[in-house]
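Have a look at the structure below, then the notes.
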Amino acid sequence: MEKTLVLIKPDAFSKGHLGDILKRYEDEGFKVIAAKVMQMDERLAATHYAEHIGRPYYEKLVEFMTSGPIMALILGGKNVINRVREINGATNPANAEEGTIRKLYAESGSKNAVHASDSPESAKREIAIFFSELEQFGG
Ligand code: CDP
Ligand code: MG
């Protein structure tokens, strides 16, 4: 089964949108293979966002991602990597299509509610950052 790593970011978590977002993914037919509530530290954020180190928005991104609890998820299903990115919508909610999670719940192009892996290579790398084999079910 194809798998992807999703993060429900601190903005969506603190506004009480966990249930809405999880329901959306389940309604689309995707399976929850792993889930946990946690708070990222700077080191974890740097590992996860390694390709963004040095970008102008990087420091603010780390500050935001470590500012409160998140939910990390592994979702599984057919074409889940591309489909979840479609369901999430464009990085900046101003450019996101109607009905996408970011259009519905994101407040800005940085506080944008959700993360999802962008390729099979990213999914593999990101899943290993957040979950051990023992925390994954049915994948
Ligand atoms: O998350 P996504 O793959 O859609 O976008 P990205 O280009 O890989 O950027 C990763 C994250 O960095 C975004 O989701 C934003 O939270 C943040 N970002 C930002 O704050 N300002 C930007 N100009 C670009 C990205
Ligand atoms: Mg990305």
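First listed ligand is number 1; within each ligand, the first listed atom is number 1.
At most 12 heavy atoms of other shown residues, nucleotides or ligands fall within 6.0 angstrom of atom NZ in Lys60. Lys103 NZ: more than 12 foreign heavy atoms inside a 6.0 Å radius. More than 12 heavy atoms of other residues, nucleotides or ligands shown are found within 6.0 angstrom of NZ on Lys36. At most 12 heavy atoms of other shown residues, nucleotides or ligands fall within 6.0 angstrom of atom CD in Glu97.
Rounding to the nearest 0.5 angstrom, the gap separating the CG atom in Leu73 from the CG atom in Leu22 is 5.5 Å.
Judged by the shortest distance from any of its heavy atoms, Arg102 lies inside the 4.0 Å radius around the atoms of ligand 1.
Exactly one residue among Lys9, Arg85, Glu126 makes a side chain to side chain donor-acceptor pair (under 3.5 Å) with His115. That residue is Glu126.
Remark: minimum distance from atom 6 (P) of ligand 1 to any protein heavy atom is reached at His52 CE1, 3.7 Å. Scanning the protein heavy atoms around atom 15 (C) of ligand 1, the nearest turns out to be Gly109 O, 3.4 Å. Of all protein heavy atoms, the one closest to atom 5 (O) of ligand 1 is Thr91 OG1, 3.3 Å. Annotation: atom 16 (O) of ligand 1 to nearest protein heavy atom, Ser110 O, 2.9 Å.
By the criterion of a heavy-atom distance under 4.0 Å, the side chain of Lys9, and not its backbone, is placed next to ligand 1.
Note: an N/O pair closer than 3.5 Å links Asn112 and ligand 1 by distance alone. For the pair Arg85 and ligand 1, the shortest N or O to N or O distance falls below 3.5 Å.
Atom 24 (C) of ligand 1 has its nearest heavy-atom neighbour, among Tyr58, Phe64, Tyr49, Tyr57, in Tyr57. Between the choices Val62, Leu7, Asp11, Leu61, the shortest heavy-atom distance to atom 11 (C) of ligand 1 belongs to Leu61.
Ion pairing between Arg125 and Glu121 fails under the 4.0 Å rule for side-chain N and carboxylate O.
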